[in-house]
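First up is the structure itself, then whatever we jot down about it.
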Amino acid sequence: MKNVVIIGAGPAGLTAAYQLLKDNKDVQIIVIEQSNQVGGISKTIEYKGNHIDLGGHRFFSKNKFINDIWLDLLKLQGQPIDSSIEKPQNCLYTGTADPNDNDNVMLLRRRVSRIYYKGNFYNYPISLNLETIKNLGFFTSLKCGFGYFWSCIFKQKGKSLEDFYINRFGKPLYKLFFEGYTTKLWGVPPSKLDSKWGSQRVKELSISKMIFEFFAKKHNKDYKTRNTSLIEQFYYPKYGPGQLWEEMAKRIETAGGLVLYNTICKKINVENGCISSVEIENKSGKANTIKCDFLISSTSISELITMLNDIIPHNIKIVSNKLPYRDFVTVGLLVNKLAIKNTTTMNTTNDIPPDCWIYVQDNSVKVGRIQIFNNWSPFLVARPKDTVWIGLEYFCFENDELWNLSDEKFSEFAIEELTKIGIIDKNQVLDYVVLKEKKAYPAYYGSYSNFDVVKDYLKNYHNLICVGRNGQHRYNNMDHSMLTGILASRYINGLATIDDVWNVNSEQEYHENGAG
């Protein structure tokens, strides 16, 4: 029997355990999770009957295998949500489960995200339409047009993300819709970021494509319908993403796997060039050593190297210790109503805007995105008929000024920001909660340029498999992280190579369009 230890019960680690137990009965699985719940940054936090999805997680994938796993764990919605809770969505309910009577349901949701800039809404990703031109004004639109044509003739020759965006969209449009938000997200300007991030996250988005789609929609009313996909209609668990990972953890334990909560891995032992065991400790201080034939790690690279500390060459430590991460704070606000109204043709309960996310481009505030949880799932909200539950997303560095604010000061700061830009009236706020998440976003600057040295070193341990966003220091979508877990299972069963695991998402096959 193969003993497999998995560090981290996020999407990658859980999927690896789930797939191993399905593919191979001759395996003993132990998952080590430092917190008291599964899901990693895809967990769902409950606060007084309201649920928070940290960062927002749309379930969509071009990989049928991934979709099959999701719909095996939760049954697809087959009936609209009770109209007293939510106005009917423009979705095709192709499943069998009724969300009004069944909790284990995967909802089918309408994708709506927009940019909020100087009191106006713009499509996200930015698109060419009459509303965009009207909001920008004739002269600004003209300036953006000339800027684009200039960029077509005179290309930036650098390799920064700023150069990438200017070459793709022109400098005026870059300044309006890309520079500020990207700086908020990463804490450094796009001129300091590698262009690799842009090519990974902005799939085929360009001015030429905007122009083509503008005229295609004008002359062919069925254009959008024919191109509808799960990027426009996405899956979403009734009670948020954590519901799915909790169900997966139950399946793992039913199949004989073990999930150890509130437990940390303190040290990884190596014998004859292979991982031999891990030393763990729970929150009560009880220590144990677990032998393993394979170790799957979804913890951050810097933490992994620390666990291997005694044998790591100095140059590897230097690179791993300086790998950058962006940390994340969510402020949940419960309000009676929003100050902004629904100006679209979409029907919504209590006339709230239909957006899942609102991207805030205004550089006078630090908030990056706003989630309207009612629109992700009304079941995330304790009183969806008469309250709006929103999440304000702030990107920061651990122990910087923003991170170190007390919960009370942070909530006051966030409420003032949203009042300033006209999203809420602060007198309508009923309650708040502040949640902090470390190492939410592995970043592509600093020592990342030398990351291949670390990766190649780790590949020398044939029974060590790095998976997931932090495990590979790669800004993966959730389904990419799951795929690394699946390939880890195949590697253990001799059906894949270690390079197959590392190469997931390295070719940028697809991403959700957009600059975020």
Side-chain angles (χ1 to χ4, degrees), residues 11 15 39 42 44 51-114 123-125 222-248 342 344-350 352-358 371-381 384-385 388-389 391 477-480 482 510-514:
T15 303
S42 298
T44 303
H51 298 75
I52 289 183
D53 177 355
L54 297 174
H57 293 85
R58 295 192 181 107
F59 286 69
F60 65 89
S61 180
K62 290 186 177 180
N63 188 304
K64 183 179 182 300
F65 200 82
I66 298 293
N67 282 294
D68 288 346
I69 290 176
W70 288 337
L71 298 183
D72 176 56
L73 294 168
L74 299 175
K75 300 306 178 186
L76 183 60
Q77 177 180 5
Q79 299 290 331
I81 293 169
D82 186 338
S83 60
S84 68
I85 300 175
E86 178 181 76
K87 294 288 180 65
Q89 297 275 1
N90 298 326
C91 293
L92 299 175
Y93 303 114
T94 57
T96 58
D98 184 346
N100 305 296
D101 299 325
N102 190 342
D103 282 344
N104 292 326
V105 178
M106 183 72 86
L107 304 179
L108 187 58
R109 308 304 289 163
R110 178 177 56 191
R111 176 200 184 275
V112 182
S113 294
R114 289 180 295 171
N123 285 352
Y124 178 87
D222 294 328
Y223 176 80
K224 185 175 181 179
T225 302
R226 290 207 310 262
N227 286 275
T228 296
S229 70
L230 279 178
I231 295 179
E232 292 170 335
Q233 293 186 358
F234 61 95
Y235 298 147
Y236 193 77
K238 180 176 177 177
Y239 292 109
Q243 180 186 9
L244 181 132
W245 304 118
E246 288 161 10
E247 178 62 26
M248 182 177 276
N342 179 16
T344 73
T345 59
M346 305 173 196
N347 291 324
T348 60
T349 303
N350 296 329
I352 65 173
D355 306 76
C356 299
W357 270 313
I358 296 173
Q371 292 187 76
I372 303 178
F373 294 117
N374 303 57
N375 296 329
W376 289 86
S377 166
F379 299 101
L380 297 180
V381 189
K385 294 181 183 180
V388 184
W389 180 230
N477 285 339
M478 185 166 52
D479 60 328
H480 294 126
M482 290 180 68
Y510 74 96
H511 282 276
E512 178 179 3
N513 290 346

Test item: Lys238 side-chain N/O and Phe379 main-chain N/O as donor-acceptor pair under 3.5 Å
no
Closest non-hydrogen atoms of Cys91 and Arg110, given as atom of the first, atom of the second and distance, are SG-N, 3.6 Å
With distance as the sole test, does Asn100 use its side chain to make a donor-acceptor pair with the main-chain N or O of Pro80 at under 3.5 Å?
yes
Interatomic distance, CG@Asp479 vs CG@Asn67, rounded to 0.5 Å, equals 8.5 Å
Applied to residues 72-81, the salt bridge (charged side-chain N to carboxylate O under 4.0 Å, His left out) test, sequence neighbours excluded, yields Asp72-Arg251
Sorted by chain and number, sequence neighbours left out, salt bridge (Lys or Arg N to Asp or Glu O under 4.0 Å) with Asp355 holds for Arg114
Applied to residues 82-95, the salt bridge (charged side-chain N to carboxylate O under 4.0 Å, His left out) test, sequence neighbours excluded, yields Glu86-Arg109
Residues 62-82 vs ring-ring contact (aromatic ring centres under 6.0 Å, His included), sequence neighbours excluded, gives Phe59-Trp70
Contacts of Trp376 meeting ring pair (Phe, Tyr, Trp, His ring centres under 6.0 Å) (sequence neighbours excluded), chain-then-number -> Phe234, Tyr236, Trp357
Check for a donor-acceptor pair, side chain of Trp245 on one end and backbone N or O of Pro11 on the other, with a separation under 3.5 Å. no
Ring pair (Phe, Tyr, Trp, His ring centres under 6.0 Å) filter on Tyr93, not counting sequence neighbours, yields none
So CG of Leu54 and OG1 of Thr44: to nearest 0.5 Å the spacing works out to 7.5 Å
